Novice: 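Following this message is one structure expressed as structure tokens.
These numbers come from a predicted model, not from an experiment.
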Amino acid sequence: MAKADINPKSMYHAKKWSDDVENLYRFQQAGYRDEIEYKQVKQVDMVECWPETGFVKKLQRRDNTFYYYDKQRECEDKEVYKVKVYVY
């Protein structure tokens, strides 16, 4: 399957916080479903992450402005249920 053909088969909302949910929150704040869509749209191989935590450090939105994120958790408990988890 070509990279451009990758689409999710289903979606559900996150129930509790995890490292993966944190990164999905950051991608979705920047206007993307997840890392896969970000890499497709921006045509990059790697996403910049904090070495200490593994969380996403910087993302470029579709309008080419940048979002910069902290090393610590940014997705509060009250925001977790808003995060969409896609299944491929």
Novice: Nearest heavy-atom pair of Asn64 and Gln60: which atoms, and what distance?
Specialist: OD1-NE2, 3.1 Å
Novice: Taking only residues two or more places apart in sequence or in another chain, which ones pass side-chain contact (heavy atoms from CB on, under 4.5 Å) with Arg61?
Specialist: Ala30, Asp63, Thr65, Tyr67
Novice: Going by side-chain hydrogen bond (donor to acceptor under 3.5 Å, both in side chains), name the residues that satisfy it together with Tyr12, two or more places apart in sequence or in a different chain.
Specialist: none
Novice: Please examine the side chains of Tyr69 and Leu59, heavy atoms only from C-beta on, and report whether any two atoms are closer than 4.5 Å.
Specialist: yes
Novice: Going by the rule side-chain hydrogen bond (donor to acceptor under 3.5 Å, both in side chains), which residues pair with Glu22 if we only count those two or more places apart in sequence or in a different chain?
Specialist: Trp17, Arg26
Novice: Take Lys84 and His13 through the test side chain to side chain contact (heavy atoms under 4.5 Å, CB included) and record every step on the way to the result.
Specialist: CA-CA 5 Å; Lys84 296 175 182 175; His13 289 273; 3.8 Å; yes
Novice: Taking all atoms of both residues into account, what is the closest heavy-atom pair of Val56 and Trp50, and its distance?
Specialist: O-CD1, 3.9 Å
Novice: By side-chain contact (heavy atoms from CB on, under 4.5 Å), which residues pair with Glu48, not counting sequence neighbours?
Specialist: Lys57, Lys58
Novice: For residues Tyr86 and Gln28, report the shortest heavy-atom separation together with the two atoms involved.
Specialist: CE1-NE2, 4.1 Å
Novice: When hydrophobic residues are tied together by side-chain contacts of less than 4.5 Å, even through go-betweens, does Phe55 share a cluster with Leu24?
Specialist: yes
Novice: Residues two or more places apart in sequence or in another chain: which of them pass side-chain hydrogen bond (donor to acceptor under 3.5 Å, both in side chains) with Asn23?
Specialist: none
Novice: Minimum heavy-atom separation for Lys16 and Val21, please, with both atom names.
Specialist: O-CG2, 3.7 Å
Novice: Find the distance between CD1 (Ile6) and CZ (Arg33) and round it off to the nearest 0.5 Å.
Specialist: 9.5 Å
Novice: Determine all donor-acceptor pairs shorter than 3.5 Å in which one atom belongs to a side chain in residues 75-83; sequence neighbours excluded.
Specialist:
residue : atom : partner : partner atom : Å
Asp77   : OD1  : Arg73   : NH2          : 2.5
Glu79   : OE1  : Lys82   : NZ           : 3.4

Novice: If you count the non-hydrogen atoms of other residues, nucleotides and ligands that lie under 6.0 Å from CD in Gln43, is the total more than 12?
Specialist: no
Novice: Sequence neighbours left out, what passes salt bridge (charged side-chain N to carboxylate O under 4.0 Å, His left out) with Glu74? Give chain and number order.
Specialist: none
Novice: For side chain to side chain contact (heavy atoms under 4.5 Å, CB included), just list the numbers for Thr53 and Gln72, CA-CA rounded to whole Å, side-chain angles, deciding distance to a tenth of an Å, and then say yes or no.
Specialist: CA-CA 8 Å; Thr53 59; Gln72 291 83 23; over 6 Å; no
Novice: Phe66: which other cluster members, linking ILVMFWY side chains closer than 4.5 Å, directly or transitively?
Specialist: Tyr68
Novice: Going by side-chain contact (heavy atoms from CB on, under 4.5 Å), name the residues that satisfy it together with Asp20, two or more places apart in sequence or in a different chain.
Specialist: Ser18
Novice: Applying side-chain contact (heavy atoms from CB on, under 4.5 Å), can you list everything that pairs with Met46, at least two apart in sequence or on another chain?
Specialist: none
Novice: State which residues pass ring pair (Phe, Tyr, Trp, His ring centres under 6.0 Å) with Phe27; sequence neighbours excluded, sorted by chain then number.
Specialist: Tyr38
Novice: Mind checking salt bridge (charged side-chain N to carboxylate O under 4.0 Å, His left out) for Lys42 and listing every partner two or more places apart, or none if nothing turns up?
Specialist: none
